[in-house]
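Down below is the structure, laid out as structure tokens.
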Amino acid sequence: MHKAIFKFGLFFLVILLLDQFIKQIFINGFRWNGEFFSLILTYNKGVAFSMFAFLEENLKYIQICIIALLLVYFIYQKNFFMKFPSLIGILIGAGSSNLLDRFIHGGVVDYVFWHKWFEFAVFNFADVMINISVGLILLIEIFSKKKDKNCKKISI
């Protein structure tokens, strides 16, 4: 269990600090315009695609509750936590970094803007890490269930 907590803490801290470092580069004025995407600075007052922006200041407290509920869930689901400490650290670290933005900057610092063929929402490194961690957890769980199911069929 101590090894899992260490992995969780390490990945949590690395993602949180790296994301905040990258965001600071954009806050300090870095910009770049490209053919496919641009690196710009924007503050997202909502969540993905600026949804729920009408919740304004309340959104950060809702996000605190969501992160806290996830942590409580992982505490009670020790086997799940032990299986994915690094991915859970990435997930919670990235979510916490975006939450920190809400308190410091009044919104999440976003900077990657895809605009070739269609315009996509502006996003950041933490958003990518959240999606990757959730996606990997789901894929690993799905394939491990299929593997377990196939092993049971063979052993019967």
Side-chain angles (χ1 to χ4, degrees), residues 1-26 32 34 36-40 42-52 59-105 107-155:
M1 183 67 165
H2 293 292
K3 187 176 179 181
I5 292 171
F6 176 78
K7 277 185 174 180
F8 167 82
L10 179 65
F11 279 85
F12 171 89
L13 197 59
V14 166
I15 294 299
L16 182 116
L17 292 176
L18 182 58
D19 185 58
Q20 288 297 307
F21 174 77
I22 294 168
K23 289 172 178 174
Q24 196 59 50
I25 292 169
F26 289 93
W32 178 80
F36 291 88
F37 68 94
S38 296
L39 300 175
I40 62 172
T42 185
Y43 296 93
N44 185 351
K45 306 287 185 181
V47 293
F49 307 103
S50 296
M51 292 185 299
F52 306 116
L59 192 54
K60 63 186 170 190
Y61 300 109
I62 293 168
Q63 194 172 355
I64 287 172
C65 291
I66 291 169
I67 291 172
L69 286 171
L70 277 172
L71 286 171
V72 168
Y73 173 79
F74 295 137
I75 288 169
Y76 285 104
Q77 296 295 323
K78 286 183 178 68
N79 290 337
F80 188 81
F81 179 80
M82 296 291 285
K83 187 173 181 181
F84 301 109
S86 302
L87 292 173
I88 292 169
I90 290 169
L91 174 65
I92 301 297
S96 296
S97 184
N98 281 345
L99 175 61
L100 183 61
D101 288 353
R102 292 187 190 286
F103 281 94
I104 295 173
H105 306 292
V108 175
V109 176
D110 285 331
Y111 48 82
V112 179
F113 175 49
W114 179 271
H115 51 73
K116 181 72 172 184
W117 303 301
F118 60 92
E119 288 190 3
F120 192 71
V122 184
F123 59 95
N124 62 41
F125 176 73
D127 299 334
V128 173
M129 292 295 98
I130 290 168
N131 286 302
I132 288 173
S133 61
V134 169
L136 286 173
I137 289 169
L138 289 172
L139 284 172
I140 292 167
E141 282 294 287
I142 288 167
F143 285 110
S144 68
K145 298 256 189 268
K146 283 184 178 180
K147 185 179 176 184
D148 291 345
K149 198 175 190 180
N150 289 337
C151 289
K152 287 178 186 176
K153 285 181 183 178
I154 293 170
S155 63

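Hydrogens, waters and symmetry mates play no part in the numbers below; they use all other heavy atoms, side chains included.
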On the 0 to 90° scale, with breaks at 30° and 60°, tag the W114-F37 ring pair as parallel, tilted or perpendicular.
parallel

Solution key, residues 2-14 side-chain donor-acceptor pairs under 3.5 Å, sequence neighbours excluded:
none

Do D19 and N98 have side-chain heavy atoms sitting under 4.5 Å apart?
yes

May I ask you to test the V112-L39 pair for a side-chain heavy-atom distance under 4.5 Å?
yes

At their closest point, which heavy atom of N131 faces which heavy atom of D127, and how far apart are they?
ND2-O, 2.9 Å

Residues at least two apart in sequence or cross-chain that pass salt bridge (Lys or Arg N to Asp or Glu O under 4.0 Å) with K83, listed by chain then number, are E141

Kindly assign one of parallel, tilted or perpendicular to the pair Y43 and H105, based on the angle between their ring planes and the thresholds 30° and 60°.
tilted

Can you find a pair of side-chain heavy atoms, one from F84 and one from I140, that are under 4.5 Å apart?
yes

When you look at OH of Y76, are more than 12 heavy atoms from neighbouring residues, nucleotides or ligands closer to it than 6.0 Å?
no

Taking CZ in F103 as the centre, count heavy atoms belonging to other residues, nucleotides or ligands within less than 6.0 Å. Is the count above 12?
yes

So do the side chains of S96 and I67 get within less than 4.5 Å of each other, counting heavy atoms only?
yes

Student check: side-chain heavy atoms of V109 and N124 closer than 4.5 Å
no

Shortest non-hydrogen pair, L91 vs S133, comes out as CB-OG, 3.5 Å

Between the CG atom in L87 and the CG atom in L138, the distance rounded to the nearest 0.5 Å is 10.5 Å

Does any non-hydrogen side-chain atom of F81 lie less than 4.5 Å from one of Y73?
no

Which class fits the ring pair F118 and F120: parallel under 30°, tilted 30 to 60°, perpendicular over 60°?
perpendicular

Is I90 close to I132 at the side-chain level, that is, under 4.5 Å between some pair of heavy atoms?
no

Does the side chain of S97 come within less than 4.5 Å of K23's, by heavy atoms?
yes

Parallel under 30°, tilted from 30 to 60°, perpendicular over 60°: which one fits the rings of F80 and F74?
parallel

